Amino acid sequence: IGSISIPDSVSSIGSQCFMECTNLETVKLPVNDEFKVIEPNTFRNSSISEIIIPDSVEVIGGAAFYDCTSLGNVKFPDNRRFKRIEGGVFQNTAIEQITIPDTVEVIGVQAFKNAPNLEEIIFMGDKPGFGDQVFAGISGEAVIRIQEKSRGFGSFLDGIPVAVIS
């Protein structure tokens, strides 16, 4: 399978459903109010290059996109319900820039570890709860950008310089 469009009538996709589908390059996730969780390992080690997380999603389960080495573009939901990015979700991906919505309360262990192209991380709100090594092994040129109103950040986060967006 190279491409899949999951019907909007689907409310859940099982854990590991598309794991190791190395030919899978494009995915359209269902758009409906019932699709709330991307289960652990769902797309692990596939060849997805871009993913748009639907507005209904509240949680992205552990390692959901782990080892998706072609994944360069991720768009998070624009809703007030999106709360959790669990451990290893985007580990070993090609993401270059990520914007963390202000609703995210937790980013799990190693969520973005070894994403060597990741150079810009933008936080739209306060610092969420963090697991260990969230950004370990990303680009040495990386910078974290925060809003002037953001709270809980120091000068560095996970060894990465923090700058206020002007």
Side-chain angles (χ1 to χ4, degrees), residues 1-32 34-79 81-101 103-123 128-142 144 157-160:
I1 299 174
S3 176
I4 188 162
S5 180
I6 299 168
D8 290 342
S9 59
V10 172
S11 61
S12 68
I13 302 169
S15 178
Q16 303 179 6
C17 187
F18 297 101
M19 183 171 150
E20 307 290 335
C21 288
T22 55
N23 292 328
L24 183 60
E25 295 178 0
T26 59
V27 173
K28 183 211 158 275
L29 294 172
V31 177
N32 66 59
E34 301 304 312
F35 185 65
K36 296 181 180 181
V37 178
I38 297 176
E39 296 290 344
N41 298 301
T42 301
F43 297 101
R44 183 178 182 149
N45 196 30
S46 68
S47 296
I48 297 170
S49 61
E50 175 181 54
I51 193 74
I52 298 170
I53 309 296
D55 286 345
S56 59
V57 171
E58 299 172 4
V59 176
I60 303 175
F65 298 96
Y66 180 93
D67 266 345
C68 291
T69 57
S70 298
L71 182 59
N73 190 16
V74 176
K75 182 180 181 304
F76 286 129
D78 186 21
N79 70 39
R81 298 177 291 202
F82 183 50
K83 304 288 185 203
R84 298 179 62 88
I85 301 168
E86 295 188 349
V89 169
F90 298 107
Q91 189 170 341
N92 301 331
T93 62
I95 295 172
E96 297 175 9
Q97 186 274 346
I98 197 78
T99 299
I100 309 292
T103 57
V104 172
E105 297 172 352
V106 176
I107 300 178
V109 173
Q110 302 176 349
F112 295 92
K113 184 177 180 182
N114 295 334
N117 300 333
L118 184 54
E119 292 190 356
E120 184 177 50
I121 303 117
I122 300 170
F123 284 89
F130 261 71
D132 290 334
Q133 299 185 327
V134 169
F135 298 111
I138 68 169
S139 170
E141 303 296 314
I144 292 173
L157 177 62
D158 231 8
I160 303 163

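No hydrogens, no waters, no symmetry mates; every other heavy atom, side chains included, goes into these values. Please read all numbers here as calculations on a predicted model, not as lab measurements.
- Interatomic distance, Thr103 OG1 to Asp78 CG, rounded to the nearest 0.5 Å: 9.0 Å.
- With a 4.5 Å cut-off on side-chain heavy atoms, Ile95 and Ile138 do not count as touching.
- Minimum heavy-atom separation, Gln110 to Gln133: NE2-OE1, 2.9 Å.
- Looking only at side-chain heavy atoms (C-beta outward), Val104 and Phe76 stay at 4.5 Å or farther from each other.
- Put simply, the side chain of Pro77 does not reach to within 4.5 Å of the side chain of Glu58, judged on heavy atoms.
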*Check the pair Leu71, Phe43 against side chain to side chain contact (heavy atoms under 4.5 Å, CB included), reporting the backbone distance first and the verdict last.*
CA-CA 11 Å; Leu71 182 59; Phe43 297 101; over 6 Å; no

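- Considering only heavy atoms from C-beta on, Phe112 stays 4.5 Å or farther from Asp158 through its side chain.
- Formation of a donor-acceptor pair under 3.5 Å by the Asn32 side chain with backbone atoms of Glu34 is found in this model.
- Taking each heavy atom of Ser56 and Arg81 in turn, the nearest pair found is CA-NH2, 3.4 Å.
- To the nearest 0.5 Å, atom CD1 of residue Ile122 and atom OG1 of residue Thr99 are 4.0 Å apart.
- Here the straight-line distance linking atom CG of Asn117 with atom CD of Glu119 works out to 7.5 Å at 0.5 Å rounding.
- A salt bridge links Lys28 with Asp8: the distance from a Lys NZ or Arg NE/NH1/NH2 to an Asp or Glu carboxylate oxygen falls below 4.0 Å.
- Rounding to the nearest 0.5 Å gives a distance of 6.0 Å between CZ of Phe18 and CD1 of Ile1.
- Contact of the Ile60 side chain with the Phe82 side chain is registered, since non-hydrogen atoms from C-beta on lie closer than 4.5 Å.
- Between Leu29 and Val57 there is no side-chain heavy-atom pair separated by less than 4.5 Å.
- Pro54 and Pro30 get closest at one heavy-atom pair: CG-O, 3.3 Å.
- Across all their heavy atoms, Ala63 and Asn41 have their closest contact at CB-OD1, 3.3 Å.
- Rounded to the nearest 0.5 Å, atoms CD1 (Ile107) and CD1 (Ile85) are 4.5 Å apart.
- Counting all heavy atoms, side chain and backbone alike, Thr93 lies closest to Pro116 at O-CD, 3.6 Å.
- Summarising the geometry, atom CG belonging to Leu118 is positioned 11.0 Å from atom CZ belonging to Phe90; distances are rounded to the nearest 0.5 Å.
- A donor-acceptor contact shorter than 3.5 Å is absent between the side chain of Ser70 and the backbone of Ser49.
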